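Everything on this sheet refers to the single structure shown next.
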Amino acid sequence: MLKRTRLSLFLGIVLLIVACGEHNGAPRAATPAEPLAAPAAQTSYADVVARVAPAVVTITAERRVRPAQQFPFFDDPFFREFFGFRNFPQQPRAIPQEALGSGVIVSPDGYILTNHHVIDGAEEIKVELSDRRVFRAKVVGSDPPTDLAVLKIEANNLPVLPLGDSDKARVGDVVLAIGNPLGLEQTVTMGIISAKGRATSVGSASYEDFIQTDAAINRGNSGGALVNTNGELIGINSQILSPTGGNIGIGFAIPSNMAKNVMEQLIRTGTVRRGKLGVGIQPVTAEIAESLKLREVRGAIVNSVEAGGPAERAGIRVGDVILAVNGTPVNDSNDLRNRIAAFQPGTEVTLTIWRDGREQQVRATLAELQMPMQGRRRTPGGGETQPGGRLGIVVEPLTPQTAERYGIRGQAQGVIVTDVDPDGPAAEAGLRSGDVIREVNRQPVRTTADLETAVRSAGDRPLLLLVSRQNPNTGETVTVFITVRLR
């Protein structure tokens with residue numbers, strides 16, 4: 001009996017020691033079935049918002065829209081001259097409209113970054129700061145291919161939102177969208193980065209490398225800030241995808257690194273210059289990769305090479321797959337297009353290509369990509385750095401291609417008018433699409449830069465234009481002087 005009691009006591013002590021060891025000793029290794037503990041969620045971003053919100057502004061762009069005319073040929077000078085003005089009913093006048101958007105202050109002396117589509121076609125732009133002060137803004141430069149624009153207001157010691165490195169942003173990072181949606185005052189929404197490197201083919205943007213986010217973005221958020229939790233600007237909110245026109249959690253922002261490159265060029269020169277390789281490209285599919293024995297489904301395959309262009313001079317051929325630029329991998333054709341465009345003309349780049357089942361490297365010196373519509377459309381605040389801006393016209397260089405398109409014969413020099421603002425000074429003076437501007441104030445005009453210089457140097461004096469145009473009845477070319485009084 002005593003032995004049995006001692007044995008029971010011994011077993012009890014052993015069990016107690018084992019139990020204490022499980023609770024007080026080294027922790028047990030987690031089994032595969034045990035979930036990993038989630039990191040503690042941040043409960044407030046108020047400190048971040050307090051720092052960055054003062055640098056986000058409201059932009060009001062006023063433009064005039066002319067209703068559709070019942071008889072559109074009334075504006076044709078030939079019909080007016082033939083019938084006489086008295087025979088025409090008065091055409092509807094332009095109606096003022098206001099567009100609301102957002103912007104981001106990027107320098108203490110008043111430079112503001114926003115979307116091109118926010119201010120496109122506006123005749124007056126006002127910027128309201130978070131402290132309720134309102135300033136008139138002028139357009140420093142606008143870049144439709146990236147949907148970016150830079151404004152300037154006359155103010156100092158303004159709050160600034162620092163630019164972050166959008167390349168370091170990761171899918172899953174928390175972001176805040178700040179802007180003025182649907183006419184409301186400044187609003188902050190939160191979400192995560194849902195994807196990077198998106199191309200939507202929606203809107204006016206041609207160079208797309210969007211950050212996708214589920215932070216709520218609505219009309220009026222355009223041009224506003226997408227910031228990280230460090231309070232850095234990593235994107236300019238630009239687009240949404242939605243069947244209803246409202247937010248469904250698919251919004252897009254222009255990366256801050258792309259915006260910085262465009263902004264710096266616009267501030268420095270008023271225009272954006274882009275590199276050109278001179279190739280036609282398409283994405284690499286799984287079938288193409290398999291056929292060419294590529295190890296990965298990525299890169300851009302060359303389907304055409306421009307004669308005499310940088311690619312041809314570098315020895316690039318149709319069927320080559322471009323895998324990297326200066327050692328940085330190329331994901332797809334859109335990625336390659338953006339990378340090449342980000343370089344200045346004249347830059348030498350090293351391309352890694354796939355040819356004949358192996359990687360090779362070639363060097364190419366980039367040419368300049370010509371963007372016929374870039375910086376030539378009428379812009380808000382006068383847009384004096386843009387050809388034809390104060391005239392209210394869109395112009396292109398006179399080339400054999402544009403001459404053929406407009407049926408122009410026998411013209412050796414000048415710029416061709418491709419669009420006329422019906423409410424602008426050029427329209428009032430009788431200028432129309434298809435006219436070729438040969439001289440301004442008795443000085444020859446051969447390029448859009450010549451026109452820009454002439455408009456800028458005229459100051460407030462009227463411009464004397466020597467214009468060639470086709471007679472719509474006979475097809476003959478006539479030359480006339482037209483005086484345009486700038487506003």
Side-chain angles (χ1 to χ4, degrees), residues 42 45 48-49 52-53 55-56 101-104 106 112-118 143-150 161-181 187-242 246-264 272 298 328-339 341-342:
Q42 185 168 336
Y45 295 94
V48 176
V49 173
V52 304
V56 181
S102 305
V104 180
V106 292
I112 295 170
L113 192 58
T114 187
N115 286 144
H116 163 77
H117 76 259
V118 169
D143 186 51
T146 55
D147 194 25
L148 289 166
V150 177
L161 212 168
L163 270 66
D165 186 350
S166 54
D167 288 344
K168 293 182 179 179
R170 301 182 302 166
V171 174
D173 284 352
V174 173
V175 288
L176 305 175
I178 307 176
N180 304 278
T187 301
V188 181
T189 56
M190 185 189 77
I192 63 169
I193 294 177
S194 306
K196 294 182 66 179
R198 290 294 201 209
T200 66
S201 299
V202 175
S204 61
S206 299
Y207 291 93
E208 300 179 333
D209 188 26
F210 291 122
I211 298 171
Q212 181 182 331
T213 179
D214 64 349
I217 296 174
N218 287 287
R219 290 189 180 95
N221 273 113
S222 291
L226 189 72
V227 302
N228 59 22
T229 54
N230 293 325
E232 299 170 325
L233 180 71
I234 61 167
I236 297 295
N237 299 322
S238 179
Q239 296 182 12
I240 62 172
L241 281 183
S242 170
N247 172 65
I248 60 170
I250 305 177
F252 301 94
I254 302 164
S256 58
N257 288 356
M258 177 183 285
K260 180 181 179 182
N261 178 34
V262 171
M263 176 185 70
E264 289 176 346
V272 179
R298 66 173 184 85
T328 302
V330 170
N331 295 320
D332 53 31
S333 53
N334 186 64
D335 185 23
L336 175 62
R337 188 166 177 258
N338 289 338
R339 289 182 186 278

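Everything numeric in this text was worked out from a predicted model, so none of it was measured.
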Restricting to non-hydrogen atoms, name the atom on [X] and the atom on [Y] that form the minimum distance, rounded to 0.1 Å.
{"X": "N237", "Y": "A177", "value": "ND2-CB, 3.9 Å"}
{"X": "I236", "Y": "A259", "value": "CG1-CB, 4.4 Å"}
{"X": "A169", "Y": "I193", "value": "CB-CD1, 3.6 Å"}
{"X": "E232", "Y": "L161", "value": "C-CD2, 3.8 Å"}
{"X": "L233", "Y": "A225", "value": "CD1-CB, 3.6 Å"}
{"X": "V330", "Y": "R339", "value": "CG2-CD, 4.4 Å"}

Between the main-chain N or O of [Y] and the side-chain N or O of [X], is there a donor-acceptor pair closer than 3.5 Å?
{"X": "S256", "Y": "G164", "value": "yes"}
{"X": "N334", "Y": "D209", "value": "no"}
{"X": "N338", "Y": "D335", "value": "no"}
{"X": "S102", "Y": "G223", "value": "no"}
{"X": "D214", "Y": "G191", "value": "no"}
{"X": "S238", "Y": "A253", "value": "no"}
{"X": "N228", "Y": "N230", "value": "yes"}
{"X": "K196", "Y": "P255", "value": "no"}

Can you tell me how far [atom2] of [Y] sits from [atom1] of [X], rounded to the nearest 0.5 angstrom?
{"X": "N180", "Y": "N218", "atom1": "CG", "atom2": "CG", "answer": "12.0 Å"}
{"X": "L163", "Y": "I234", "atom1": "CG", "atom2": "CD1", "answer": "11.0 Å"}
{"X": "S194", "Y": "D173", "atom1": "OG", "atom2": "CG", "answer": "11.5 Å"}
{"X": "R198", "Y": "Q239", "atom1": "CZ", "atom2": "CD", "answer": "13.0 Å"}
{"X": "L148", "Y": "I254", "atom1": "CG", "atom2": "CD1", "answer": "4.0 Å"}

Walk me through whether D167 and N257 qualify under side chain to side chain donor-acceptor pair (under 3.5 Å). CA-CA 7 Å; D167 288 344; N257 288 356; 3.2 Å; yes
Evaluate the side-chain proximity of [Y] to [X]: yes if any heavy-atom separation is below 4.5 Å, no if none is.
{"X": "F252", "Y": "I240", "answer": "no"}
{"X": "D143", "Y": "H116", "answer": "no"}
{"X": "I217", "Y": "T189", "answer": "no"}
{"X": "V262", "Y": "Y207", "answer": "no"}

Step by step, would you call V188 with Y45 a side chain to side chain contact (heavy atoms under 4.5 Å, CB included)? CA-CA 10 Å; V188 181; Y45 295 94; over 6 Å; no
Neighbour count above 12 (heavy atom, 6.0 Å) for R298 CZ: yes
